[in-house]
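This report refers to the structure that appears directly beneath it.
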Amino acid sequence: LATGPRQNNSVFYEIRTYDIKPAKMKEFVEMVNKYLHFRTAHSELVGFWHSELGAMNKVLHIWKYDNFSHRTTVRHALANDKDWQGKFISAALPLMEKQQNEVAYLVPWCQLRKPPMEGGVYEWVTFQMKPGGPALWGEAFRAAINAHINTGYTTLIGAFHTEYGLLNRVHVLWWNESPDHRAAGRHSAHEDARVVAAVRNSVRFLESQQNVLLIPLQCSPLK
C-alpha cells in the first residue's frame, strides 16, 4: 500500500547497513579505507559512515544506480573483480555479523545535497510511517521536515523513501557542524511554535522513529 509520487527518473539508491563484530570495527574501517577504490571503480558511492550514537558497531553506505539494469551489471562485474573479491570481500566477511540492504528513491521534493563544509557530523533518522504511502502522509511529513530546515540550525542532505525493504519508511540524512550544535538547535526548534505544530500534524502518521549519529569514513565522498 505504499503509493504516491516519487522522482520521475529511474535513478535509485541502495542503502546498505552492516553490523560489524564489536572487536573488529577498527579493522573493518581500515580495510574499507584501503580497498574501497576497487568498489567505487564500478559505481557511484554517495557516502560511507560508521555509527557513533544511537546504534553501535554499524556501518552505513549509500550507492547510486541509474536503474535496475545498471545495478545488475555492476553486481556481475563485482563478482568477477579479483581485486575486490580477493583483497576485500574474502577478508571483510568474517568481520560482519549481519547485512541489510534497502532500495529507495529520493522523495520528489528533495535533491541530494552536499554539506556547506567538511568536518561535521551526520544524523540518519528513520521514520516508519503508517501504511498508505505519501498519498496519506507525504504532505504532513514534508511540512515537518521543512519546519526544521527553516530554523536554520541543520542542513538537509537527502530524504529517501523505500521501494524495497520495509515499506512506508523514510530515511532523512541531516548534517550539523557538531553534536553540540545539533543539540542546541534541537532545543531551539522544540520551542518554535511552527515546528511544534508541523510535527504534531506529522506524528499522527508515525509508527516509530530512530536517530543515529554518523561519522563519515575517510573514503566517503560526503565528509
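Heads up: numbering here begins at 1 and tracks the sequence. Because the structure is predicted, anything quoted here is derived from the model rather than measured.
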Donor-acceptor pair, side chain of [X] and main chain of [Y], under 3.5 angstrom:
X      : Y      : answer
Arg186 : Ala183 : no
Lys130 : Arg204 : yes
Asn80  : His76  : yes
Ser220 : Leu217 : no

Mind checking what makes ring-ring contact (aromatic ring centres under 6.0 Å, His included) contact with His171, not counting sequence neighbours?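 Trp124.
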Kindly compute the distance separating [atom1] ([X]) from [atom2] ([Y]), expressed to the nearest 0.5 Å.
X      : Y      : atom1 : atom2 : answer
His61  : Leu214 : NE2   : CG    : 12.0 Å
Leu45  : Arg39  : CG    : CZ    : 8.0 Å
Asn168 : Gln128 : CG    : CD    : 6.5 Å
Gln209 : Phe127 : CD    : CZ    : 4.0 Å
Thr17  : Glu102 : OG1   : CD    : 6.5 Å
Arg71  : Glu14  : CZ    : CD    : 4.0 Å

Minimum heavy-atom separation for [X] and [Y], please, with both atom names.
X      : Y      : answer
Ala189 : Val195 : O-CB, 3.4 Å
Val196 : His190 : CG2-O, 3.5 Å
Ser10  : Tyr105 : O-CE2, 4.3 Å
Ile157 : Leu222 : CG2-CD1, 4.0 Å
Met31  : Ala91  : CE-CB, 3.3 Å
Ala147 : Ala198 : CB-CB, 3.8 Å

Do Val203 and Trp137 pass the side-chain contact (heavy atoms from CB on, under 4.5 Å) test, and can you show the C-alpha distance, the side-chain angles, and the key distance before you say yes or no? CA-CA 9 Å; Val203 297; Trp137 43 258; over 6 Å; no
Just distance, no hydrogens or angles: give the donor-acceptor pairs under 3.5 Å from side chains in residues 82-90, sequence neighbours left out.
from  : atom 1 : to    : atom 2 : distance (Å)
Gln85 : NE2    : Leu78 : O      : 2.9
Ser90 : OG     : Gln85 : O      : 3.4
Ser90 : OG     : Gly86 : O      : 2.8

Side-chain heavy atoms under 4.5 angstrom apart, residues restricted to Ile, Leu, Val, Met, Phe, Trp, Tyr: same cluster for [X] and [Y]?
X     : Y      : value
Ile20 : Leu93  : yes
Leu36 : Tyr18  : yes
Val29 : Tyr35  : yes
Leu53 : Val125 : no

Could you check if a side-chain atom of [X] sits within less than 4.5 angstrom of a side-chain atom of [Y], using non-hydrogen atoms only?
X      : Y      : answer
Leu95  : Lys21  : no
Arg182 : Val121 : no
Phe160 : Val170 : no
Val107 : Phe141 : no
Val32  : His50  : no
Pro179 : Leu213 : yes
Arg169 : Ser208 : no

Heavy-atom count around [X] [atom1] within 6.0 Å, excluding the residue itself: above 12?
X      : atom1 : answer
Gln111 : CD    : no
Arg200 : CZ    : no
Lys223 : NZ    : yes
Met56  : CE    : no
Tyr164 : OH    : no
Arg194 : CZ    : no

How far apart are the C-alpha atoms of Val212 and Trp49, what are their side-chain angles, what is the distance that settles it, and do they pass the side-chain contact (heavy atoms from CB on, under 4.5 Å) test? CA-CA 11 Å; Val212 180; Trp49 302 265; over 6 Å; no
Could you give all pairs that pass the salt bridge (Lys or Arg N to Asp or Glu O under 4.0 Å) test and reach residues 46-64, with sequence neighbours left out?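 Qualifying pairs, neighbours excluded: Asp19-Lys58.
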Would you please indicate yes or no on a ring centroid separation below 6.0 angstrom for His181 and Trp174?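 Aromatic pair excluded; centres sit 6.0 Å or further apart.
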Return the orientation label for the Phe28 and Phe48 ring planes: parallel under 30°, perpendicular over 60°, tilted otherwise.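 Geometry flag for Phe48 against Phe28: tilted rings.
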What do the steps show when you test Leu156 against Cys110 for side-chain contact (heavy atoms from CB on, under 4.5 Å), and what is the final call? CA-CA 9 Å; Leu156 177 66; Cys110 172; 4.2 Å; yes
Trp175 vs Met117, test: side-chain contact (heavy atoms from CB on, under 4.5 Å). Steps then yes/no. CA-CA 10 Å; Trp175 178 90; Met117 63 181 181; 3.8 Å; yes
